[in-house]
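In what follows, chains are A, B, ... by sequence order, proteins preceding strands, each numbered from 1.
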There are 2 protein chains.
Amino acid sequence: MVAARSGDDAELGLDVECLAAAPRWTRARRSHSEAQRKRRERINAHLDTLRGLVPSASRVRMDKAALLGEVVRYVRKLRSEAAGSEAVVPGEGDEVVVEEEEVEVEGCSCDAGERQAARRVKASVCCADRPGLMSELGDAERSVSARAVRAEIATVGGRTRSVLELDVARTAAAGGGSNGASQLPALQAALRAVIMSQEELLAVESYKQRRFSADFA
Amino acid sequence: MVAARSGDDAELGLDVECLAAAPRWTRARRSHSEAQRKRRERINAHLDTLRGLVPSASRVRMDKAALLGEVVRYVRKLRSEAAGSEAVVPGEGDEVVVEEEEVEVEGCSCDAGERQAARRVKASVCCADRPGLMSELGDAERSVSARAVRAEIATVGGRTRSVLELDVARTAAAGGGSNGASQLPALQAALRAVIMSQEELLAVESYKQRRFSADFA
DNA sequence: GAGTACACGTGATCC
DNA sequence: TGGATCACGTGTACT
């Protein structure tokens, strides 16, 4: 065998000694080996690139398997950090999207005691930018007893999009008077009212009248 | 060589013919092979994990090398997206950090005409959460004629941190009355005032008094 | 020597 | 057919 280039003394010598004229190096076999080597170095090139890209792998010299392990750790970390911060760039049309956040139940970090008191909701609002917009969004979120846990706002070219991560209370004594189940539509309506024009807003002014009237425990 | 179990006709026969009693299946060789198999399946397991983690690789069946290529593309994309949005989780102590954003001049997407009209600044404010905080931050940013381009707010456990990306005007006719060079300290002072306690704020109320009074070139 | 890690050549398999 | 990819066993080097 010719496994290592520097170790072809023993076996190669035996082959020559036994069969003499055995062309053990046919063109087919050679091109096959070369293709393999080329494949290997392509893979290892990408592996080296990753070694320089993942911070934990750049520090110390790592096993090839351990490197890949760190890569999956790093990708998981980055993608969980970037979760919810996608599609934050404002689009052309006004829109309000309210949806229940998917519960990521990896591991066992669930605190069952508080899990039923509130539910996580993601609200995305895209509209033209204007002064006081954030305050009005805060009013809308308060109108359904929601509490902002995280928010990301991006404005470009006069248009802005706010992606809000909210904890909306499930208790029946909610500020808006609705029970826990119907607060999502209420939140959606309140957010829609924020991006309505002045004339549209007059028709739905019941929202504005209610802004500071509720007084709950 | 005994590369494949079913391909041991030529060389193995030769070895037996030449050396006779060669026990080609020693315990050492066997454990070695098993260790290699275990190593291979560790690597391939991580590779499969990555195949499910990278969206472009989940779609179609990919080459092992091509998969790694997509992994580096994905990691590069995620890490560039997460740039600037690090350290958003609020800490224990109040703090205000204002620093000029590093200009990322990759490629040639610089619009030299507008580049001197404003400069990009990153401001990070960490303090206890309270109603109206965002409005006050907006006031502070307006006091130095800054315009929020992007903002990320995270609040956890009653404490909140806002990372603001601001375009602060360089023109001499700035709202605060300062010239272009000294607006960063002014912004820092204004943001500091926001997180000050009531009593601290009384001592520095000159800030509030000056808010809309100064008007000189 | 036992254990581990990498590169190599090879057989098998699928376009 | 020939090209491309994979898993396998092996040689070699380092701890």
Side-chain angles (χ1 to χ4, degrees), chain A residues 1-19 22-52 54 56-73, chain B residues 1-52 54 56-73:
Chain A
M1 63 188 58
V2 213
R5 266 79 66 102
S6 54
D8 50 348
D9 41 6
E11 291 84 349
L12 228 176
L14 276 177
D15 283 344
V16 169
E17 186 180 342
C18 292
L19 286 192
R24 282 266 48 160
W25 220 225
T26 58
R27 293 195 312 104
R29 297 252 187 275
R30 171 159 190 82
S31 66
H32 190 28
S33 298
E34 282 188 1
Q36 287 303 339
R37 171 155 49 259
K38 200 59 189 148
R39 168 175 173 268
R40 269 187 282 261
E41 72 188 36
R42 255 171 27 200
I43 294 180
N44 287 338
H46 284 148
L47 249 44
D48 274 356
T49 306
L50 284 173
R51 197 171 260 113
V54 179
S56 42
S58 312
R59 300 286 170 198
V60 293
R61 187 65 184 181
M62 294 192 70
D63 215 334
K64 195 187 294 189
L67 165 65
L68 287 173
E70 281 308 309
V71 170
V72 319
R73 288 185 60 86
Chain B
M1 63 185 62
V2 214
R5 266 81 66 100
S6 54
D8 49 350
D9 40 7
E11 290 86 346
L12 226 178
L14 278 177
D15 282 343
V16 168
E17 186 177 344
C18 293
L19 290 188
R24 285 264 49 160
W25 219 222
T26 58
R27 294 195 310 104
R29 296 250 189 275
R30 172 162 187 82
S31 66
H32 190 28
S33 299
E34 283 188 359
Q36 289 304 325
R37 171 157 54 258
K38 197 60 189 139
R39 168 175 174 268
R40 269 187 283 263
E41 72 188 37
R42 258 175 18 207
I43 293 180
N44 287 337
H46 284 149
L47 249 42
D48 276 355
T49 306
L50 283 173
R51 195 171 262 112
V54 179
S56 42
S58 311
R59 300 287 171 196
V60 294
R61 187 63 184 182
M62 292 193 71
D63 217 334
K64 196 187 292 189
L67 164 65
L68 287 174
E70 282 308 307
V71 170
V72 316
R73 289 184 60 85

Output the rounded distance in Å from CD1 (Ile43(A)) to C1' (dA7(C)). 12 Å

Mind calculating the distance between CZ (Arg37(B)) and C1' (dG9(D)) to the nearest angstrom? 9 Å

Using heavy atoms and a sub-4.0 Å distance, could you list which residues of residues 62-69 of chain B are near DNA chain D? By number, please. Asp63(B), Lys64(B)

Given dT4(C), is OP1 or OP2 found less than 4.0 Å from the side-chain N or O atoms of Arg39(B)? no

Could you work out, with side chain to side chain donor-acceptor pair (under 3.5 Å) as the rule, every residue matching Ser33(B), not counting sequence neighbours? none

Distance check needed: dA5(C) P versus Arg51(A) CZ, whole Å only. 13 Å

What nucleic acid atoms does Arg42(B) come within less than 4.0 Å of, heavy atoms only: base, sugar-phosphate, or nothing? sugar-phosphate

Sub-3.5 Å donor-acceptor pair from the side chain of Arg39(A) to the main-chain atoms of Ala65(B), do we have one? no

Using the closest heavy atom to pick a nucleotide of DNA chain D for each, name whichever of Asn44(B) or Ser31(A) lands nearer the 5' end. Ser31(A)

Can you name the residues that form a salt bridge (charged side-chain N to carboxylate O under 4.0 Å, His left out) with Arg30(B), not counting sequence neighbours? Glu34(B)

Could you state the NZ-P distance from Lys38(A) to dT5(D), rounded to the nearest angstrom? 12 Å

Among residues at least two apart in sequence or on other chains, which ones pass side chain to side chain donor-acceptor pair (under 3.5 Å) with Gln36(B)? none

With sequence neighbours excluded, tell me which residues meet side chain to side chain contact (heavy atoms under 4.5 Å, CB included) with Thr49(A). Val72(B), Arg76(B)

Is there a side-chain polar atom (N or O) of Arg29(A) under 4.0 Å from OP1 or OP2 of dG9(C)? no

For Asp63(B), side chain to side chain donor-acceptor pair (under 3.5 Å) partners two or more places apart: none

Among dG11(D), dA7(D), dT5(D), the one nearest His32(B) by side-chain distance: dG11(D)

Mind calculating the distance between CZ (Arg40(A)) and P (dA4(D)) to the nearest angstrom? 15 Å

Does the side chain of Lys64(B) reach to within under 4.5 Å of the side chain of Ile43(A), using non-hydrogen atoms? yes

Which whole-number value in Å describes the distance from Glu34(A) CD to dG2(D) C1'? 15 Å

Over how many whole Å does the gap from Glu41(A) atom CD to dC6(C) atom C1' extend? 15 Å

Expressed as a whole number of angstroms, how long is the span from Arg30(B):CZ to dT10(D):C1'? 15 Å

Mapping Gln36(B) and Gln36(A) onto DNA chain C by nearest heavy atom, which one lands closer to the 5' end? Gln36(B)

